[in-house]
Amino acid sequence: MSMKLEFNPIDYDYFDFEGRNYAKIIGRDNNGKRVCIIDSCEVYFWAILKEGLNQKEIEKLQKKIEDIQLDVKGRKTKVEKTEVHNKKFLGKDVKAIKIFATNYKDMHDIAGELGMPEIEKRRGYDIGFISHYIIEKKLNPLQWYEIDGEVLNNSLEFGGIDSVLEVDSCIKVDSIKKLEKQNLSPKILAFDIEADELKIGEGEILMISLVSENFKKVLTWKKHKDLPNVEYVKDEAELIEKFVHYVKKISPDFLTGYFTDGFDIPYLKARAEKYKIKLSLGLDGSQPKFSRGITTTARIDGIVHIDLFRFIETAYSQYMSSETLSLNEVSHEFLGESKKEHEHRHSSKINGDEWTSYFEYNLQDSVLAYKIFEKIWPDLLEFTRIMQEPVFDVSRNGMSTNVEDYIIHNLQKFNEIPEKRPTYDEIGERRGRGKYEGAFVLEPKAGLYENLAIFDFTSSYGSVIVTYNLSKSTFLEEPEKDSYSTEVAGKKVYFSKKPGFFPKMLEEVIEKRRQYKEELKNKPDAIKKARSNAFKLLANASYGYLGFFGARYYCEEAAAATASFARQAVKEAIEKTNKAGFGVIYADTDGFAFSLNEKTKKQTEDFLKKLNSELPGIMELELEEFYKRGIWVTTRTGEFGAKKKYALVNESGKLKIRGFETVRRDWCALARNTQSRILKMILEDGNETKSFEYIKKIVKEVKERKVNLKEMTIKTQLKKPISEYKSITPHVVAAKRMIEREIPMDIGVVIEYYISETKEKKKLVREKVKLADEKGEYDIEYYLKHQILPAVENIFQVFGIDINAVLETKKQKTLGDF
DNA sequence: GAAGTGGATATACC
DNA sequence: ACTGGTATATCCACTTC
């Protein structure tokens, strides 16, 4: 029976049947029914031919290739057919033989047989089947299509695949047509587990919460009184079974949670194995599959599992103010909501109504996950549509992979054959190379300044790459006379003026970003914001991609040239700004701050227009903002103006603080808050009078032990296994103590400790470390001399005040003097 | 054993 | 291993006198 339907592909998978590859794609139709479509496509790779072969030689070669037959791991395979095409490879015209295989897994082996001297390069055999399918059939994820096809009804075609699949219909595709429709409201189910031990599978799972549209539930075997939303089961095994039951019943498109790749799903799997229960969450009844090296990734057939943490890490973290990406902090920043208060204790020590609040805590985590998913959905949707890879992968990929996906899916427009991934040896060679020169940072003169403005290059490095046509394919080994050139490490490098595909793609990215940003300004909505943001991130990551050792289109010369051209651009702009009578104070990478020097805002804006009219290509400066005041300080030694450290206040009184201890999480709250209060007072008043009194008060409070121990906590992240530390710093000592006390701890954890008063005089800071929850008193001398005063002394130095002398702290070396 | 210096480490900026 | 380089600051580890 043939049928036609509107279809939105959500989850992509593939299978082999009779030696061929088939895509198995799960999605929704326009009535919200779950549909599986099965489709195939031709799989092929390219043999790029040496120049100057004649027709006869090519035909002979084609024959030779077509005769290739292989027996790979018991699977007999052959080349299906070949075609000769005029293609481009790295921008150059090439003749290439398109080699069609039966199964994409054989392409590597067939490529291995192509040692013929007429073949220059083999390419395109290292692209996964799903990517290949999406490129060939243009069935992009999360877009609407009209599908024409045959309904499979318990048919034996494909080995009866449809009969085990829990979908409303299963269709073998005949044709695909793109539709303009955009909206998609998927069904989401958020979940969260609570267990006694944090090590995977080592403790019992006590409860699982589930949240979906109009659905809230806590499943638990810890019997307590009747409560709304709480359902009791007899034991842990039944808990797991009930969980599977509800996932199947709700049957969401997306199963989501926080840290679920690394914690919840592996934990469930481990506990299910203990009871010999199948965790059959997949639509085909299969269990979650774990893959990928360092960070485990849990895949469920037909249901897209999204670990919110993974996506937030790549898509948002650099713009977030949260110091950790914990569910609590992220919820706070995204939703203005928090986790429920709960003190973690072993279940054997939990009594009575404490269980009620534990259930509520568990439920709240799922509620938060559900809401965060809703919040990030526009971004996830746009990222997926732009990168054109399945949302499961896009939600987990880093920005380098996103850039590469974008390239790979846009190569066809340029008739380009894809470059291969670097080999292990190539990666080693690339990593072995030293660093190239990067950004220019202008040393500021410490001081308090009034009436400032900041100019920034929009998508700075991206616009440099586009303007000067920088990329692997445009890099010239031999200089040409009319080319772009700059100096890198004392050597000239040249780039062709013939537009390359990488700069061209990037130009489109930047143009789209500009366009969506404009539309967003006129009529804001979440999707436009997401689009604008996705393109911004893509543009920003493109430069890093050029210098990333794992990139297919790695080109160190292009990355170094980008930085070089950007340095020139910012230096030239600074020079012109100074010449025009402004006073440039500071610059970093792609922007600079300057004093208006009695000039008006209008004059400043006019000057910006003039600057812009003189810039090459798509380079563009924009006015970031006007500021009422700004402060720059010296480095600790007092010799130089400190770079990457300043504080500004705009005309509505909003502070912008960069680099100062205030924004560093490895300083105690007291030092951070004191510094930020002082910066605020100075920037608001234009003098130090008030702050001077304030610091005296704080010092007094510290000396009189009036400060809460909480304010003294220092937080430092553990970045590697304890045994690998060559230098035993305070936070390593604290981590060791946590192990002694059996407090769960691992790489990535932010260690919290304070420096305590000790009876004997200890020389090293680490000898005075106590964990944040350990009883003790803070070391007054340490906090004054190593936290509070270092955080403020350079600020007072701007006004010629030696705060140490004023407070007489430096000469006082022992407690007795206080 | 104090003082000075370089290395290891963490975090921030763009 | 999962974008790049530039920069500050702390504390330890080691050397020197």
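Just so it is clear, the values below take in all heavy atoms, side chains as well, and ignore hydrogens, waters and symmetry mates. Residue numbers begin at 1 in each chain, while the letters A, B, ... track the order of the sequences.
Atom CG in N540(A) sits roughly 9 Å away from atom C1' in dC14(B) (whole-Å rounding). Straight-line distance from the CG atom of D666(A) to the C1' atom of dA12(B): 9 Å, rounded to whole Å. Summarising the geometry, the separation between CD on Q318(A) and C1' on dC13(B) is reported as 11 Å, rounded to the nearest angstrom. Computed from coordinates, the E389(A) CD to dC2(C) P distance equals 20 Å when rounded to whole Å. One atom, CZ of R430(A), and another, P of dT3(C), lie 14 Å apart when rounded to the nearest Å. Rounding to whole angstrom units, CZ of residue R431(A) and C1' of dT3(C) are separated by 13 Å. Between the P atom of dC2(C) and the OH atom of Y424(A) lies a distance of 14 Å, rounded to the nearest Å. Residue R310(A) contributes atom CZ, which lies 10 Å from atom C1' of dC2(C) at whole-angstrom precision.
A search for side chain to side chain donor-acceptor pair (under 3.5 Å) contacts involving S727(A) returns nothing, not counting sequence neighbours. K420(A) is linked by a side chain to side chain contact (heavy atoms under 4.5 Å, CB included) to R123(A), Y125(A), D126(A), T423(A), E426(A), counting only residues two or more places apart in sequence or in another chain. For A534(A), the side chain to side chain contact (heavy atoms under 4.5 Å, CB included) test picks out F383(A), I386(A), with sequence neighbours left out. Residues that satisfy the side chain to side chain contact (heavy atoms under 4.5 Å, CB included) test with R514(A), not counting sequence neighbours, are E511(A). T260(A) meets the side chain to side chain donor-acceptor pair (under 3.5 Å) test with H305(A); sequence neighbours excluded. Residues that satisfy the side chain to side chain contact (heavy atoms under 4.5 Å, CB included) test with E774(A), not counting sequence neighbours, are R737(A), R741(A), K770(A), L771(A).
Among the protein residues, G550(A) comes within range of no part of the nucleic acid, since none of its heavy atoms lies under 4.0 Å from any strand. At the heavy-atom level, K763(A) lies nowhere under 4.0 Å from the strands shown.
Across residues 455-471 of chain A, not one residue has a non-hydrogen atom less than 4.0 Å from an atom of DNA chain C.
The stretch residues 559-573 of chain A participates, sequence neighbours left out, in these salt bridge (charged side-chain N to carboxylate O under 4.0 Å, His left out) pairs: E437(A)-R567(A).
Between the side chain of R421(A) and the main chain of R552(A), no donor-acceptor pair closer than 3.5 Å is present.
When the side-chain nitrogen and oxygen atoms of K720(A) are compared with OP1 and OP2 of dA8(B), none of them lie within a distance under 4.0 Å. The phosphate of dT9(B) (OP1 or OP2) has no side-chain N or O of H731(A) nearer than 4.0 angstrom.
Taking atom P in both dA10(B) and dC2(C), the straight-line distance is 15 Å, to the nearest Å.
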How does protein contact run along nucleotides 5-11 of chain C, one letter per nucleotide 5' to 3', with B for base contact, S for sugar-phosphate only, - for none, heavy atoms under 4.0 Å? BBSSSSS
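Of the charged side-chain nitrogens involved, none lies within less than 4.0 Å of a carboxylate oxygen, so that K763(A) and E767(A) do not count as a salt-bridged pair.
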